[in-house]
Amino acid sequence: MTVSEALEKIELHDSSLDSIFIFGNGAVHIGLSLDEVWNKNIEPLPNCLILASVYEISEFKIDRLNIIGSVNVNSRPNYDMAFVTHGNDEAAVVEIEIEFVAGGILKLVCADMVELVFRK
């Protein structure tokens with residue numbers, strides 16, 4: 001599914017970042033502890049977002065791990081893919097911006113594809 005489709009299913013506001021794993025093949029796994037009040041209609045709650053093709057992490061500054069603001073997804077149609085060796089040529093390129101408390105931010109440029117992993 002696309003990143004926007006995933007964010008229509010879950011709400012990251014008031015959730016927290018548990019982990020971030022960056023793999024050599026371009027994949028990034030973002031472990032989450034989703035807020036149960038904002039996501040009360042989802043059972044079971046997903047606990048991980050898997051981005052299979054991340055091209056760059058353009059900004060990463062965290063003081064605390066709580067997600068405070070909205071998550072912005074912006075299209076990057078003219079992104080230079082010349083250096084990318086692990087990308088999906090068919091997927092659109094997007095920039096994901098996650099805002100944390102105390103001025104923290106995580107910005108990723110990636111293929112517009114995400115997988116939600118649900119806890120059991």
Side-chain angles (χ1 to χ4, degrees):
M1 77 179 69
T2 68
V3 175
S4 295
E5 290 170 343
L7 293 176
E8 288 175 8
K9 294 178 184 274
I10 61 171
E11 175 59 55
L12 294 182
H13 186 80
D14 284 344
S15 299
S16 64
L17 176 70
D18 286 343
S19 62
I20 186 164
F21 293 98
I22 303 167
F23 297 90
N25 66 356
V28 172
H29 294 196
I30 301 173
L32 297 167
S33 182
L34 291 179
D35 182 80
E36 293 178 2
V37 173
W38 284 97
N39 295 286
K40 62 185 171 198
N41 296 325
I42 302 171
E43 185 62 41
L45 286 173
N47 61 346
C48 184
L49 297 175
I50 297 177
L51 302 166
S53 293
V54 174
Y55 309 135
E56 68 178 88
I57 298 174
S58 57
E59 193 169 350
F60 191 32
K61 175 189 165 204
I62 289 188
D63 179 22
R64 294 184 215 136
L65 300 178
N66 298 73
I67 300 169
I68 186 105
S70 60
V71 177
N72 298 313
V73 179
N74 301 307
S75 177
R76 298 282 302 267
N78 298 321
Y79 188 76
D80 183 6
M81 299 281 288
F83 69 95
V84 176
T85 60
H86 61 271
N88 183 330
D89 294 336
E90 297 175 15
V93 178
V94 294
E95 179 180 65
I96 304 168
E97 181 180 325
I98 302 172
E99 182 183 356
F100 295 89
V101 295
I105 193 164
L106 172 60
K107 282 187 184 180
L108 304 144
V109 178
C110 60
D112 192 10
M113 298 182 323
V114 66
E115 179 183 345
L116 297 175
V117 178
F118 292 85
R119 56 176 115 146
K120 303 212 183 242

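Residues E56 and Y79 have side chains in contact (heavy-atom distance under 4.5 Å, counting atoms from C-beta outward). In this structure, I96 and V114 have side chains that are not in contact, with every pair of non-hydrogen atoms separated by 4.5 Å or more. Side-chain contact between N47 and V117 is present, with at least one heavy-atom pair separated by less than 4.5 Å. Taking 4.5 Å as the limit, every side-chain heavy atom of T2 sits out of range of all side-chain heavy atoms of V94.
L65 and I105 fall into different hydrophobic clusters, where Ile, Leu, Val, Met, Phe, Trp and Tyr are joined by side-chain heavy atoms under 4.5 Å apart, directly or via other members. V109 is not connected to F23 by any chain of hydrophobic side-chain contacts under 4.5 Å among Ile, Leu, Val, Met, Phe, Trp and Tyr, and they are in different clusters.
Note that the CD1 atom of I98 and the CG atom of L32 stand 7.5 Å from one another [nearest 0.5 Å]. The line from CG of L108 to CD of E97 is 10.5 Å long, rounded to the nearest 0.5 Å. In this structure, the separation between OG on S53 and CG on D112 is 11.5 Å, given to the nearest 0.5 Å. Taking CD1 from I20 and CD1 from I57, the interatomic distance works out to 5.0 Å, rounded to the nearest 0.5 Å. Distance check, rounded to the nearest 0.5 Å: NE2 of H29 to CD of E115 gives 8.0 Å. To the nearest 0.5 angstrom, L34 atom CG is 5.5 Å from L45 atom CG.
Within a 6.0 Å sphere centred on CZ of F21, heavy atoms belonging to other residues, nucleotides or ligands number 12 at most.
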Counting only pairs under 3.5 Å, give me each side-chain donor-acceptor contact of residues 7-17, with atom names and distances, residues two or more places apart or in other chains.
| unit_1 | atom_1 | unit_2 | atom_2 | d |
| --- | --- | --- | --- | --- |
| E11 | OE2 | H13 | N | 3.0 |
| H13 | ND1 | I68 | O | 2.6 |
| D14 | OD2 | W38 | NE1 | 3.0 |
| S15 | OG | L12 | O | 3.2 |
| S15 | OG | D35 | N | 2.9 |

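For the pair M113 and V3, the tightest heavy-atom approach, listed with the atom from each and the gap, is N-CG2, 4.3 Å. Nearest heavy-atom pair, E95 versus S58, reported as atom, atom and distance to 0.1 Å: OE2-OG, 3.9 Å. Across F60 and I62, no two heavy atoms sit closer than the pair CE1-CD1, 3.2 Å. Closest non-hydrogen pair, Y55 versus A111, comes out as OH-CB, 3.4 Å.
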Evaluate L106 against F100 for side-chain contact (heavy atoms from CB on, under 4.5 Å), listing each step before the verdict. CA-CA 8 Å; L106 172 60; F100 295 89; 3.8 Å; yes

